[in-house]
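All chains are named by letter (A, B, ...) in the order of the sequence lines, taking the proteins before the strands, and each is independently numbered beginning at 1. Just so it is clear, the structure is predicted and the values come from calculations on it, not from any experiment.
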Amino acid sequence: MSPRESLLHTMPRHHRTIMFWFLTVFFFVILPIVLLYTSGYRLTQTENGDRTLTTIGGLYVAVFNEDVELYINNEVPSDRRPFSSAFYVQGFNPDVYEVRTQGDGVETWVKELPIYPHIVTQAFAFNLPRTPVVRLITAYNDAEGNAVIDTSIPTSTTPLAFATTSNEIHRQPTTDPTLLKNPEYTTLQTLFASTTEERVQLQVMEAEREERISGFSFSSENNLIGAPATSTATSTVTSGNMQLFAHGEEVFARWMGSTQDIPNYFCVTYQGAATTTEVYGEHVYEALIKEYASSTGEIDASHIGQQLCRSEIRLDRKRQAVEWFDFMPGNSDLVLLHLEDGLYVVEIDDRAWQNVQLLYPGEDITALIDAGSIFIEDGDVFVEVFTEIPQ
Amino acid sequence: MRQSGKTALFIGKRALYSELFVVMNERATPILPYAKRDDFKVSRASELSGRDRRLYRFLEILPGLTSWGILIAVVLAAMYASFFAAYFILAFAIYWVLKTFFMSYHIRYNWKRLRHHMQVDWEQLVQPFTYGQYYHLVVLPFYKEPETVLTDTITALSQVKYDTKKLLIVLAAEERAGKEAVEKATRLKQQWGEEFGSFLITVHPDDVPGEIAGKGSNAHYALHQARKEILDARQIPYRDVLTSVFDSDTIVYPDYFNCLMWHFLTAENPYKTAFQPVPLFTNNLWDAPAVSRVMAMSSTFWQMIMQERPDRAATFSSHSVSFQALYEIGYGQANVVSEDSRIFWNLLLANNGDFKITSLSYPIAMDATVDRSLWSTIKNIYRQHRRWTYGVENWVYLMYHFTKNKKIPLRQRISIAFIQGEGYSSLVTNPLILFCLGWLPIFLGTQEFHQTVLSYELPIMVRNMLTLAMLGLIISSIISLSLTPRRPTGRSYFRYVVMALQWVMVPITMIAFSALPGLDAQTRLMFGRYMGFWVTPKRVSS
């Protein structure tokens, strides 16, 4: 039969059968390969040329600032998959890696993280502007709505000395009758006034509480850890299932939700005392001891390889007194800590160490959060502080 | 008196001969034994009683239950067995890619055949055969379609490369469409009546008990009338008649009847064969919105695939079969929605499995679904596909009768049951699993699952495979452009670009116009909310 004649008939049955069985066999050949690859198995070549099946892990880094680059052991991974606000890289042999995000004009975020077979290690990176970015809120605005600073105020004493502003600032006498009172300034005055009053009360209550506690002979630090600090409501801040509370001079973050949903940085893969300390830091190991140690004071060897979760994490306050704390607006993994020399952002994730970045310097400032924005009272001026460099 | 006596005797003799002819035809073409069963034309469980009714009702529930069960199982697996769900979805994605490749191969093969068949001189090919004795009974059921639609259809019939005197046209009107329909038919008869061997107008009575108003019952009535008023009256043997039941908007290509004739004459057993052309929904393609075009071409592609797998196919929409075969089963059913497919299953069962389809791989053209606004067009497409996917009622019918007709080889029964069942189930579940539920383990999975490489790689791998499968759309785009009618004057060339790019809508159309209406239809059947026939609006009157 000629080709043209064959076209008068349907596709030969054996044709279809061969195609069907070929594809079926192909399916069963390709299926395990795809399943293994997707689960984290890779075929690698050893030094002597042998092919071996190895397991890999991955790294997922969510970023606060999208204009940063990811470095792993000082190299930009070639096959990273950038999402709009995160990086995902896979193919790592199990080991500890230095993970860094950095960009122009922003602080560098660094962490050493372990990567395990078949597991994706997750982290959240933040990179605040090196030079604070603020919006000055003045008592008066000109007719165009621009902020006005009185000419008598020297530049060196205003935030303009060390910060960049996102709004236009004009210098002129504030006695000028054409100037308009800024209602936002008035609102902030009220807000800060009431905030100062609450914080004074809080400090008094905290001092009284400490006095009562110290009066008990059997009181100790350990007995108080885990005791619900929510008994003093104003010394705690809650965002979803995450709670910040003060105990003495320290500030802790505690997970209040179910263990199913606990953030990954509360949990570590226990690998014995020495390895866990080396990988995660001594502070993490000590926290695990407090929660999992047996009567011998050590964590039982049966926990090796298991995920052990802490219920609370202490925040790094840089050995300074904490005047105020709250969650970063819209983010329960980052905390605003008002320390003696400024307002800082510190991550709760304390694996290896906690990254602490200065948001706004100043020894005599007051900070508050209103409607998702961070405001600071610095002397006679108010500023709104931004966490990203404006484009 | 003597003259009137002779006339009366003549008339009487003629009537006697006609009566004799009918009797002879009936004896030569008796109703097949299986077709005489009381339940042969069952359409729903309520028409049965006792154990049969319970069995039929159970079968009506089964397709919907299966589809819903699969979808719910995928959701539950994503929540409680995330790893298993992930592996299943990966396997499913691979299966989908390979299936797409397999189907694409069939489409390309049939496309080659289609183009070849459109160039073949069928008139010459059929010349060596003796076929002058054959007639073509063309039944055109219509409801309230615009007269222009019917005019175009009949014009195309008058222009075929075939002796039009061998075409017996039956314009089947519906009483419920009002006298306007009859007037329409009458005008057409006046215009075209002499062109054909016969031009009969039938008026299907309204509200006949036990019938579902629609194309099937109308055609059923028309065939009855055609037999009496044309075939018996002119003493045309049923064996010499090929019946083509066409949609009212069907435009036949010039060589259709030659092509049909050749396939009939070369068939192994032409009286146990149905002949299926390739439906192209291209009459009004340039007027249809993109979503309508995509659905129209997708339906064509599916039929092109079935053309190369006739052993797995059933008749669809416009098709042809010998009148004898139809008569042997009492013409088919007037009480089902999917009458176009049901007729094939009637024939298969009545012939104890000895009935098949021959694909003509030759086109007929019909209208794509279009209405006055985009939203009403979308609604109409949904309804049309819901009606088509209500063809699952045929699987119920088949399964029921497979328990009764043991003369059909067991292997054949199992094969058909599985192929048809898998087809209706996968139509509903596959698009939803692939494009929606495939992401569920990521959203609903356990915390333990979320930390694994598997959970991160799953969406990437599935996306890559779907992208691979979508490469087949490039082929679809090329084939659809080749099947698109020539650009009318006044239409921009840019429309070609749009027509090529419109295939990116396939993931949406697969869900909105295949999976969801299919699930809708199966659910209705499951709950006993039986559907009636919905007439697809043909071409909006200006």
- Query: Passes side-chain hydrogen bond (donor to acceptor under 3.5 Å, both in side chains), His15(A) versus Tyr105(B)? Steps please.
  - Reply: CA-CA 11 Å; His15(A) 213 149; Tyr105(B) 187 79; 2.9 Å; yes
- Task: Verify the neighbour count for atom CD of Glu75(A): are there more than 12 heavy atoms of other residues, nucleotides or ligands below 6.0 Å?
- Result: no
- When rounded to the nearest 0.5 Å, the distance separating CG of Leu23(A) from CD1 of Ile94(B) is 12.5 Å
- Query: Can you tell me how far NE2 of His9(A) sits from OG1 of Thr358(B), rounded to the nearest 0.5 angstrom?
  - Reply: 10.5 Å
- Query: In terms of heavy-atom contacts, does OH of Tyr41(A) have more than 12 from other residues, nucleotides or ligands at under 6.0 Å?
  - Reply: no
- Query: What is the minimum heavy-atom distance between Ser359(B) and Thr10(A), and which atoms define it?
  - Reply: OG-CG2, 3.0 Å
- Message: For chain B, which candidate among Gln260(A), Arg16(A), His118(A) shows the most heavy-atom pairs at distances under 4.5 Å?
- Response: Arg16(A)
- Message: Quick check for you: among Ile119(A), Ile30(A), Ile262(A), Thr38(A), which has the greatest number of heavy-atom pairs under 4.5 Å with chain B?
- Response: Thr38(A)
- Query: So which of Leu90(B), Asp311(B), Leu360(B) has the biggest tally of heavy-atom pairs under 4.5 Å with chain A?
  - Reply: Asp311(B)
- Query: Is the number of heavy atoms from other residues, nucleotides or ligands under 6.0 Å of Phe129(B) CZ greater than 12?
  - Reply: yes
- Determine, step by step, whether Tyr456(B) and Gln122(A) satisfy the side-chain hydrogen bond (donor to acceptor under 3.5 Å, both in side chains) criterion, reporting the C-alpha distance in whole Å, the side-chain angles of both residues, the deciding distance to 0.1 Å, and the verdict. CA-CA 11 Å; Tyr456(B) 280 83; Gln122(A) 299 168 359; 2.8 Å; yes
- Heavy atoms from other residues, nucleotides or ligands near CZ of Arg309(B) exceed 12 (cutoff 6.0 Å): yes
- Pick one of side chain, backbone, both or neither for Phe22(A), based on which atoms fall under 4.5 Å of a heavy atom in chain B. neither
- Message: Heavy-atom pairs under 4.5 Å with chain B - which of Ile56(A), Leu31(A), Thr24(A) has more of them than the others?
- Response: Leu31(A)
- Taking everything shown except Glu448(B) itself, do over 12 heavy atoms lie less than 6.0 Å from its CD? no
- Atom pair CE (Met461(B)) and OG (Ser39(A)), whose distance is rounded to the nearest 0.5 Å: 9.5 Å
- Message: Distance check, rounded to the nearest 0.5 Å: Leu454(B) atom CG versus Tyr37(A) atom OH?
- Response: 13.0 Å
- Task: Work out which heavy atom in Pro12(A) is nearest to a heavy atom in Tyr109(B); give both atom names and the distance.
- Result: CD-OH, 3.8 Å
- Contacting region of His106(B) [heavy-atom separation from chain A under 4.5 Å]: both
- Query: Checking Phe83(B) against chain A: side chain, backbone, both or neither under 4.5 Å from a heavy atom?
  - Reply: neither
- Examine whether an atom of Leu125(B) lies under 4.5 Å from a heavy atom of chain A, and if so say whether it belongs to the side chain, the backbone or both; otherwise answer neither. side chain
- Item | Pair Tyr88(A), Glu457(B): side-chain N/O donor-acceptor within cut-off below 3.5 Å | yes
- Task: Could you look at Glu308(B) and say if it's the side chain, the backbone, both or neither that has a heavy atom under 4.5 Å from chain A?
- Result: both
- Item | Top of Lys99(B), His450(B), Gln447(B) for chain A proximity - count of heavy-atom pairs under 4.5 angstrom | Gln447(B)
- Does Phe101(B) CZ have over 12 foreign heavy atoms under 6.0 Å away? no
- Gln451(B) side chain near Tyr116(A) side chain, heavy-atom distance below 4.5 Å: no
- Task: Would you indicate whether the side-chain heavy atoms of Val34(A) and Met465(B) approach each other to under 4.5 Å?
- Result: yes
